[in-house]
There are 2 protein chains.
Amino acid sequence: MKNTVPLAFSDHNHEKCRAASINAAYRQGLRLTKWRQLVLDLLLEDHRSMGAYEILEKLECHGVKPQPPTAYRALEYLVEHGLVHRIEKQNAYVACARPDMCRNAGFIVCKTCRKVAEIEYASSEADLLHIAAESGFETKSAIMEVEGVCADCQKSA
Amino acid sequence: MKNTVPLAFSDHNHEKCRAASINAAYRQGLRLTKWRQLVLDLLLEDHRSMGAYEILEKLECHGVKPQPPTAYRALEYLVEHGLVHRIEKQNAYVACARPDMCRNAGFIVCKTCRKVAEIEYASSEADLLHIAAESGFETKSAIMEVEGVCADCQKSA
DNA sequence: TGTACCGGTGTTACACTATAACGGTTTTTT
DNA sequence: AAAAAACCGTTATAGTGTAACACCGGTACA
């Protein structure tokens, strides 16, 4: 585990994050339709999680406000292709911070400001996955989430 | 990490699990009211997760069927006091398999039969918690969940 | 003995999250 | 060009979770 300064909680050139996401999509030959682009753009504004209905409200194209399935379809596609992650503890979604090398991602999420730090963990460190595999379990997905209050929000409170 | 044979997926004396839970409640001086008992009993029947509404349906006392808040209140209490865990990936609940020594629990959950194996991980292995702490993050809760299909269900399919 | 408090319960109503299903359109493949 | 697949718009509904308020029963304490 190399990462000791979570990206979301430190200053950084956020344009790089956006570019990396677009590049990853391009390299994988993904089809970013209008809604998918809009949803991804929204999430890429910041390393914060957003609920589906929150996204839905901000979604709008040529004055057209879409219905829930539109948002959920876009999200499903983006999650499937690794450009977006779902934060289970918040029923919310966040743009992937490392679309290039995103294998095993863990998240540190602030309850207050909803910032999300994404941490890649080496699979050798994921004991749970080993145990699962050893007992013949076929893993489909894995999550690791730490929820609490970030340093900034502690100060503000 | 010692656990190499997940309890839920192996034969074991399940009465011990139930007894351990009751003992833990007693030792902590918890107040197990009728609904809390009923909910806990339901979950202790097996190492399987159940949704709140599934629990609600099976909940009944002297012919009285309670409303949703009743189930949620009991679940909230049991989760708070460590007798029950919430499985985020399934919006479901499962009885704690190790109420004595339950600090950092990870879960291996089968999508098909909903069996849940609970694995304790040494906190030294929880890198995410370290990183969080190092950056001044105040952790409130942490989860680790692996979802997939267990060996038995693979055979059945 | 009262009375003030507190945790638990019953009840109603509602908020939030997510999906099924169907038909039409566009895009891709053959 | 025809067939198949993917996408989108729309309606309706399913599933999950909570706010709020009234009531009840115990208990602490004046």
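Proteins come first, then strands; the chains are lettered A, B, ... in the order of their sequence lines, and each starts at number 1. What you are looking at is a predicted structure, and each value in this text was computed from that prediction instead of being measured.
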Figure out the [atom1]/[atom2] separation between [X] and [N], and round it to whole Å.
X     : N      : atom1 : atom2 : answer
A:K89 : D:dT16 : NZ    : C1'   : 17 Å
A:I87 : C:dC16 : CD1   : C1'   : 18 Å
B:Q90 : C:dA18 : CD    : P     : 15 Å
B:L75 : D:dG17 : CG    : C1'   : 11 Å
A:Y72 : C:dA21 : OH    : C1'   : 17 Å
A:Y77 : D:dA5  : OH    : C1'   : 13 Å
A:N91 : C:dA15 : CG    : P     : 18 Å
B:R86 : D:dG17 : CZ    : C1'   : 9 Å

_Those residues of residues 55-70 of chain B lying under 4.0 Å from DNA chain D by at least one heavy atom_ =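 Heavy-atom contacts with DNA chain D come from B:P68, B:P69.
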*Of all of residues 23-51 of chain B, which get a heavy atom below 4.0 angstrom from DNA chain D, listed by number?*
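Nucleic-acid contacts, sorted: none.
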*Planes under 30° and centres closer than 5.5 Å, is that true for A:Y53 with the base of C:dC16?*
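Whether judged by distance or by angle, A:Y53 falls short somewhere, so it does not stack on the base of C:dC16.
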Verify the cluster assignment for [X] and [Y]: are they in a single hydrophobic cluster under the rule of side-chain heavy atoms below 4.5 Å apart?
X      : Y      : result
B:L42  : B:V109 : no
B:I108 : B:L128 : yes
B:L129 : B:I143 : no
B:I87  : B:L75  : no
B:L43  : B:L56  : yes

_Below 30° counts as parallel, above 60° as perpendicular, anything between as tilted: where do the rings of B:F137 and A:F9 land?_
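Because their plane-to-plane angle lies in the 30° to 60° range, the rings of B:F137 and A:F9 count as tilted.
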_Donor-acceptor under 3.5 Å (B:S135 side chain, B:A132 main chain)_ =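 Side chain of B:S135 to backbone of B:A132: a pair is present.
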*Within the structure, does a side-chain N or O atom of A:Y93 lie under 4.0 Å from either OP1 or OP2 of C:dA18?*
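So the side-chain polar atoms of A:Y93 do come within 4.0 Å of the phosphate oxygens OP1 or OP2 of C:dA18, strictly under.
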*Mind checking the CD1-CG spacing from B:I119 to B:L7? Nearest 0.5 Å is all I need.*
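Result: 9.0 Å between the selected atoms.
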*Go through the N and O atoms of the side chain of B:R73 and the base of D:dG17, and report whether any donor-acceptor pair is under 3.5 Å.*
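Absent.
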_B:E145: partners by side-chain hydrogen bond (donor to acceptor under 3.5 Å, both in side chains), with sequence neighbours left out_ =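 Scan of B:E145 (side-chain hydrogen bond (donor to acceptor under 3.5 Å, both in side chains), adjacent residues dropped) gives none.
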*Pairs involving residues 70-89 of chain A, ordered by first then second residue, that meet side-chain hydrogen bond (donor to acceptor under 3.5 Å, both in side chains) (sequence neighbours left out)*: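 Passing the test, one end in residues 70-89 of chain A: A:H85-A:E118, A:R86-A:E88, A:R86-A:N91, A:R86-A:Y93, A:K89-B:S141.
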*Bend across the helix from C:dT1-D:dA30 to C:dT30-D:dA1, to 10°, with axes taken over 5 pairs at each end?*
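It works out to 30° between the end axes.
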*Residues sharing B:V64's hydrophobic cluster, by side-chain heavy-atom contacts under 4.5 Å among ILVMFWY, directly or via others?*
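Besides B:V64, the cluster holds no residue at all.
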